[in-house]
Novice: 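Submitted below is the structure of interest, expressed as structure tokens.
First the proteins, then the strands, lettered A, B, ... as listed; each starts at 1. Heavy atoms only: backbone and side chains are in, while hydrogens, waters and symmetry mates are out. Computed from a predicted model, the values in this text were never measured in an experiment.
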Amino acid sequence: MSMLAFEMERPRSLAAAVEILGKYGSKAMIKAGGTDVLVWMRKHAVNPEMLVDLSEIPELGGISFYPHKGIKIGAMCTINQVAEHEDARRYYGALTDACLSHSDPLIRNKATVLGNVCASVPSGDMIPAFAAYEAVLHVYGPEGERDILFADFITGPRKNVLVPGEIVVSATLPLPAGQSTGCYIKLGRRNALDLAQVGVACVAIEGEKGREYQLAYGAVAPRPVRAAEAEDILAGQTSPDAPLLEKAAKAAAAAVNPITDVRASREYRFSMVEELTKRAVSLCAERFRGGNA
Amino acid sequence: MKQTVTRNGVGAWTTRKYDLEKAAGTLAFTDDLRFGPELLHARAFRSTKAHAEILSVDVSEAMKVKGVVKVITGKDFIHRFGLYLMDRTPLAIGKVRYVGEPVALVIGETEEAAEEGMLKVAAKYKDLPPIFDPVKAATDNSVLVHPELETYDHVPFITPFPGTNIANWFRIRRGDVDKAFAEAEHVVEEAVNCPQIAHGFLEPHCCICKEDPATGNLTIWSSAQSAFALREIVAKGLDYPLNKIHVIAPPIGGGFGGKAGMTVEALCLAGAMNPEIKGRPVKLYIPREEVMLTSWVRQAYVSKIKLAIDKEGKITAIKNTFYFDTGISAEYGANPVRSAGYSSTGCYYVPNVWTDSYAVYTNKPFGGAYRGFGLPELMGAMEVVIDIAARKIGMDPIEFRLKNMLKPGLPTCTGMPMNAHALDTIVNKIVEKIRLKEKEPATRKGWIRGKGFALALKAPAMPSDAASSAIVKILGDGTVDVLAATMDMGQGAYTAYAQMASEELGIPIEKIKCYYPDTQSHPYDWQTVASRSCWSMGMAVKRAATDAREKLPALYSEYWETEPESITIEHGIVKCKKKGKAEPIGEQIQSGFMMPSGNYVGGPVIGSGSFVPPDVIYPDPETGQSPKSVVHFTVGAVGIDIEVDPATGAVEVNKVSAGYDVGKAVSPINVKGQIEGGTIQGISAGLMEGMYYDEHGKLLTPDFTDYKIATSMDVPREVDSFWEETPEELSPYGNRGVGEHSMISPAPAIDNALFDALGIRIHTYPLGRERVYKAIQAKKNGETDLWEYPYALEQSYKNAIKEWK
Amino acid sequence: MMKRDVHFILNGRQTTLSVEPRTTLLRALREYGVTSVKRGCEEGECGTCTVVVDDLAQKSCMMLALEAEGKSVLTVEGLVGPKGELHPIQQAFIEEGAIQCGFCTPGMIMTTYAFLRKTPDPSEDEIRAALAGNLCRCTGYIPIFRAVQKAAKTMRELGHFPGGAR
């Protein structure tokens, strides 16, 4: 299969990128790492006339961490860059776990964290972590800058609230208010390079009101899901016992709405949401005890 | 008498031929060949319907695309092809029979132009009812995939049934099965099923065809396993003389049966032979997403096996019904069905046998050759049923197997005596290596450990007249060319042949070269399939090398004025110790020797060798009996130690041990490679591989995104491979085939290990995480067996699927 | 579409190719004659097209050729010395029987090359994880793991890693 012809610009500034996007409107597409877009174009799922490659815009690179603000990830940061970033590993376990579970070590040299988020595919590995850490996306567009709460960002499979011409420049994952641990657990059909059948991100925080949990799910609903009821059940528990975990797991399953497809059945996904919830919560508790917080 | 000395002859551990080029990246595969700007590119436009009449194909918009040269449809190229049964046309004619069938071929100046043209072709269809379930297709003739079956030519040992969907029916009838069942102490009847699986070779099919407009001569460069079979199939389909077709087979990136016979070449020829193409070369590269739609896959199967067992635990009768889902073509797929049929008592001696093995047409991509060729299908069921039977009668499954083993000399199901083997030794070694009789705790917290075992056997499944020939040339500097038209697709055939030539000629392996197949330079070989090459072509190579060698003593004895018996060849040096002579082989070997009398004698030294199995007789079509139905069986076994995560159904393999009786390891590095590689391929197939369709027959797993094969992360911690060497009587060095065998039994061994771990029997492959999880849940609900029917699932897919609005 | 020039260093030599925007680095390299870079799936799943771009292993089907502008691209041809000497990784693959059909081999070797530069003394688990993006259907990976270990050892002995990990 071959891609259909398109033009490509590699602007060197955000303003130039937005201008090109404005000119081509819906006929333009943005490329960051390109590992999704190139596959879609090859399969003719998308056929843009203009591909705007963001990789030459200097301000889109870089990861910065400030304890009061959190971690800020530029649009062109690759998944491996984030996975290897010391502060990310220390403070954002759910995100770095997600990075290491994504595709394979080679693709991770190309694919970007924000590209995975912007593709907005339900099985996107970064998405549950972004939901659990309550990320904020910084967007630049024809109308200037705006911030979008991640909770409001994805509207359905491959759909989000970006309007034509807008570019996600970076994202901030606020530092959880208190000591925290996090993890991401994913189930696929084999041990590497697979799309998630179910992905669970869990962040455990020792906050002012005691232990809190933030649980988010991928591949089990058209939009990322936070399991608020399960979080409430677990709140305050530093080492939840089996019955409580079971209760939280059931509440999490009630929050999701998976489909049956060739990768897994709806029923299996429900069961795995329960199982992975228990594992993720236990793993976070364990990491706390192990001093990894 | 052989008077040669070499360090790297038969049995030596050597590095492999062509690995240097492969590591350096210089070996050119078909897609790497260059043809200049004359080259055109072809792209198939494919059916979106599983079964429909073609009302019209509109190519007008496609022809308007810049760079599109021609669009060809079925009516432009009406030729039928097939290895055993001529039921295949490269382009659909009048009707489409599966989703993905080529309907038109777009030829463009570039790959991109052909692609754009393909997107503009439009076809109109009138739906016909499709059939996907092979059991239904075999037993209910309401939908006929090939109503014209009667008119298709076929080889005599295939028995199609016109008016049905049965493309081949192979039978065994021996003894009195009914009586044995009536008298049996125990009767066990079980069924096992498995979906189609794909070869997963990494090099997609690629082919370039060119017709010389002046002579009509055809040249075909193709990623083909079997240059000569390809030439023959094309010649028969086109009614062409053989020597007007020149097939060049560059190195191929994995075959596993998927590039055997003829695959994509006729489709490419439909382009290259079109008069409007005017002799330009046409290239057909099959994109990964279409590989499974263009060439064959392993057939799906539903196997029912019924055993009669007496008080002592001896199997007294077997009744087998095998439905092989051969998709829309049985041109190749008819034969694995036969292969499973004539091996249908597995590794066991059973006096009374009744077997029906059917190749059944359905509206799916077609089945054909795949590593193991009917035997992974047979043994995938047989070894599970044997395990069930042993446990049901309260016998240890290993003891039950040993008790009923097809020992050397006992008749196989076709009545031929089993060849010599050391299967009992292999079984005992694996019992030790895997500690099969010990229960061990899981090494992972909360997981459950289980161990399983399965036997394997396979004969080269080929026509009785599958012949080979080879030429060995000694060149003017003592180097050697071996022309043997086997495709070395990684199995290491050329290393083995070089070792054989070195053994026979006393010339070091470094000086010996084998060449990739070319029908213009190489002598005939039937096919590179069936684990036959080291044996059949091995016979030819050995004979050719011997033939060449035997010319040397005569020449040198006259040259040195001594007796032929005093001449030896040691490491490429010709010696006569008696006369104190020692000379490296030099120019005179090709230009002739100036004899003491001053005249020249000799000329280029060339040896040739031919071989055809001398004693194989086709089984009787009514009873399946034959004094010698196959050349030999290679036997072996697999033991496996697994752990299951009961909460997710995930399976990890701690250790696998696989051993085979190879007769003689001609090239040990390659024997080891074949066992290790096939074992992992078998584990991969058993744990995760299956082709799935939606209710309209559209393949949902066309590429590596959804057709998963094992990665480096899925490999067991420990893989133990070994072999025994009980020599085969009629064989170049006592060796038997082993290329396919390692693929046969890992899957049933895992199934048996899962039963050991979980106490529930899974009757459906693959043993993926979700299915294992389901079995664990079923066990909690008191079930003893999990049996999922992929075809029923397929039918109910529409009901099962839940989409996000 | 108009072709555009892309300039990059290919196996140590400054190279200019003329490509369409849609041309992947994989197709551009192959068109140019660097055919060790194989196309096995063109969708990032198989790893047969792996090259090393500025020290990172990349699947060249996942990169447009124009993205290589100003970068350094290394293919398996570039590992062979001026007199045809093989790189220790290539040598180890041959010696350990880590090659069968050879179609995955160039990509597998390039992944190993980038990996060993970062991880000169890898554990078996690290090797398994590092190769997860490169499929091999023939060998079952076992001899490949052995070859990577062996290559790492040779490279350490030959001083391929001055100053440790780099």
Side-chain angles (χ1 to χ4, degrees), chain B residues 15-16 18-29 31-34 111-112 199-204 251-256 285 287-289 488-492 669-670 672-681 683-684 703-705 709-717 719 721 742, chain C residues 20 22-23 27 30 33-48 75-80 84 86-87 89-107 109 124 127-145:
Chain B
T15 53
R16 295 159 24 96
Y18 290 100
D19 274 7
L20 173 59
E21 294 89 326
K22 289 170 183 173
T26 55
L27 191 72
F29 295 77
D31 191 27
D32 303 337
L33 304 177
R34 291 294 171 264
E111 226 177 293
E112 290 83 359
H199 304 85
F201 41 70
L202 293 184
E203 177 208 29
I252 66 172
F256 312 110
Y285 172 86
R288 175 55 65 186
E289 293 87 338
D488 190 335
M489 49 195 162
Q491 83 279 40
I669 190 173
N670 286 309
K672 190 172 168 66
Q674 287 305 295
I675 298 178
E676 285 179 345
T679 301
I680 301 304
Q681 193 175 5
I683 289 173
S684 179
D703 55 14
F704 289 135
T705 309
I709 66 172
T711 71
S712 56
M713 298 287 280
D714 301 294
V715 174
R717 278 287 131 194
V719 179
S721 59
S742 47
Chain C
E20 285 186 65
R22 64 171 151 177
T23 307
R27 289 196 179 189
R30 291 184 53 77
V34 183
T35 54
S36 73
V37 186
K38 303 295 180 203
R39 51 171 177 168
C41 74
E42 296 197 280
E43 54 174 359
E45 291 278 348
C46 80
T48 60
T75 71
V76 81
E77 287 93 340
L79 295 186
V80 181
L86 293 184
H87 189 278
I89 300 172
Q90 294 169 314
Q91 195 61 43
F93 268 64
I94 293 172
E95 287 167 7
E96 288 300 321
I99 301 172
Q100 283 190 26
C101 82
F103 203 78
C104 76
T105 307
I109 288 175
E124 167 127 358
I127 294 173
R128 286 176 182 239
L131 299 177
N134 293 77
L135 296 176
C136 169
R137 189 61 149 175
C138 297
T139 66
Y141 304 97
I142 313 288
I144 297 177
F145 301 154

Novice: Side chain, backbone, both or neither: which part of B/V719 has a non-hydrogen atom closer than 4.5 Å to chain C?
Specialist: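 For B/V719, the side chain is the part near chain C, not the backbone.
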Novice: If you count heavy-atom pairs within less than 4.5 Å of chain C, which of B/E21, B/E203, B/H199, B/M489 leads?
Specialist: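 Of B/E21, B/E203, B/H199, B/M489, B/E203 has the most heavy-atom pairs under 4.5 Å with chain C.
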Novice: Do the non-hydrogen side-chain atoms of C/F145 and B/V715 ever get within less than 4.5 Å of each other?
Specialist: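 Yes - at least one pair of side-chain heavy atoms lies under 4.5 Å apart.
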Novice: So which residue, B/A28, B/S712, B/G490, B/G25, ends up with the most heavy-atom pairs under 4.5 Å with chain C?
Specialist: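 The candidate making the most pairs under 4.5 Å is B/S712.
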Novice: Please rank B/A24, B/A23, B/P204, B/P716 by heavy-atom pairs under 4.5 Å with chain C and give me the top one.
Specialist: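 Option with the greatest count: B/A23.
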Novice: Using 0.5 Å steps for rounding, measure from the OH atom of C/Y141 to the CD1 atom of B/I680.
Specialist: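 Going from OH on C/Y141 over to CD1 on B/I680, the span is 9.5 Å.
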Novice: Which atom names give the shortest non-hydrogen contact between C/A132 and B/M713, and what distance separates them?
Specialist: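 Smallest interatomic distance, heavy atoms only, reads CB-CG, 3.8 Å.
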Novice: I want to check something: taking the side chain as every heavy atom from C-beta on, are B/P251 and C/F103 in contact at a cut-off of under 4.5 Å?
Specialist: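 Not in contact.
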Novice: Tell me, for B/L202 versus chain C, whether the close heavy atoms (under 4.5 Å) come from the side chain, the backbone, both or neither.
Specialist: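 Contact with chain C: backbone and side chain both.
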Novice: Between B/R16 and C/G97 (side chain of the first, backbone of the second, donor and acceptor by atom type, cut-off under 3.5 Å), is there such a pair?
Specialist: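 Between the backbone of C/G97 and the side chain of B/R16 there is no qualifying donor-acceptor contact (under 3.5 Å).
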Novice: Given a strict heavy-atom distance threshold of 4.5 Å, which part of C/L86 is in contact with chain B: side chain, backbone, both, or neither?
Specialist: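 For C/L86, side-chain heavy atoms alone lie under 4.5 Å from chain B.
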Novice: Return the set of residues passing side chain to side chain donor-acceptor pair (under 3.5 Å) with C/E43 (not counting sequence neighbours), or none when no residue passes.
Specialist: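 With neighbours one apart ignored, the set is A/K43.
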Novice: Return the CZ to CD distance between B/R288 and C/E45, rounded to the nearest 0.5 Å.
Specialist: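 So the CZ of B/R288 and the CD of C/E45 are separated by 10.5 Å.
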Novice: Among the options C/V34, C/T75, C/T105, C/L135, pick out the one with the most heavy-atom pairs lying under 4.5 Å from chain B.
Specialist: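 Looking at each of C/V34, C/T75, C/T105, C/L135 in turn, C/L135 comes out on top.
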Novice: Would you mind telling me which of C/C101, C/G140, C/S36 has the largest number of heavy-atom pairs within less than 4.5 Å of chain B?
Specialist: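 Going by pairs under 4.5 Å, I would pick C/C101.
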Novice: Where on B/S684 is there a heavy atom nearer than 4.5 Å to chain C: the side chain, the backbone, both, or neither?
Specialist: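 For B/S684, side-chain heavy atoms alone lie under 4.5 Å from chain C.
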Novice: For the interface with chain B, which of C/P106, C/P143, C/C138 has the highest count of heavy-atom pairs at distances below 4.5 Å?
Specialist: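 Most pairs with chain B among the choices: C/C138.
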Novice: Who among C/K38, C/Q91, C/E77, C/E96 has the most heavy-atom pairs with chain B under 4.5 Å?
Specialist: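 Looking at each option in turn, the highest pair count goes to C/K38.
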Novice: Can you list everything that forms a salt bridge (charged side-chain N to carboxylate O under 4.0 Å, His left out) with C/R39? Sequence neighbours excluded, please.
Specialist: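 In terms of salt bridge (charged side-chain N to carboxylate O under 4.0 Å, His left out), with neighbours along the sequence ignored, C/R39 is linked to B/D31, B/E111, C/E42.
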Novice: Please check: side-chain N/O of C/Q100 versus main-chain N/O of B/G673, any donor-acceptor pairing under 3.5 Å?
Specialist: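 Flag set: sc C/Q100 to bb B/G673 pair under 3.5 Å.
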Novice: Kindly give the heavy-atom pair with the smallest separation between C/I94 and B/L20, and that separation in Å.
Specialist: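 Heavy atoms only, the tightest pair is CD1-CA, 3.7 Å.
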Novice: Under a 4.5 Å heavy-atom cut-off, does chain C meet the side chain of B/R34, its backbone, both or neither?
Specialist: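 It is the side chain, since no backbone atom gets that close.
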Novice: Quick test of your reading of the model: are C/R27 and B/E112 salt-bridged, counting only N-O distances below 4.0 Å?
Specialist: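 Here C/R27 pairs with B/E112 in a salt bridge, since their nearest N and O are under 4.0 Å apart.
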Novice: I need the residue from C/Q90, C/H87, C/R128 with the largest number of non-hydrogen atom pairs under 4.5 Å to chain B.
Specialist: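 Of C/Q90, C/H87, C/R128, C/R128 has the most heavy-atom pairs under 4.5 Å with chain B.
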Novice: Counting heavy-atom pairs under 4.5 Å with chain B, which one of C/I109, C/L131, C/T35, C/V80 comes out on top?
Specialist: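 Most pairs with chain B among the choices: C/T35.
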Novice: Below 4.5 Å, heavy-atom pairs only: which of B/A710, B/G492, B/G255 has the largest tally toward chain C?
Specialist: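 Highest number of heavy-atom pairs under 4.5 Å: B/A710.
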Novice: Tell me which of these, B/T679, B/T705, B/T26, has more heavy-atom pairs under 4.5 Å with chain C than the rest.
Specialist: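 Answer, by heavy-atom pair count under 4.5 Å with chain C: B/T705.
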Novice: Without swapping roles, check the side chain of B/E676 against the backbone of C/T139 for a donor-acceptor pair under 3.5 Å.
Specialist: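 No.
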Novice: Tell me, out of B/Y285, B/F29, B/F704, who's got the most heavy-atom pairs with chain C below 4.5 Å.
Specialist: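 Looking at each option in turn, the highest pair count goes to B/Y285.
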Novice: Name the region of B/Y18, side chain, backbone, both or neither, that has any atom closer than 4.5 Å to a heavy atom of chain C.
Specialist: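 Neither; nothing under 4.5 Å.
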Novice: Check whether any side-chain heavy atom of C/R137 sits under 4.5 Å from a side-chain heavy atom of B/F201, and report yes or no.
Specialist: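 C/R137 does not reach B/F201 side chain to side chain.
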Novice: With a 4.5 angstrom heavy-atom cut-off, could you sort out which part of B/I683 is near chain C: side chain, backbone, both or neither?
Specialist: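 Nothing of B/I683, per the 4.5 Å heavy-atom cut-off to chain C.
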Novice: Quick check on C/V76 against chain B: is it the side chain, the backbone, both or neither that has a heavy atom closer than 4.5 Å?
Specialist: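 Contact with chain B involves both backbone and side-chain atoms of C/V76.
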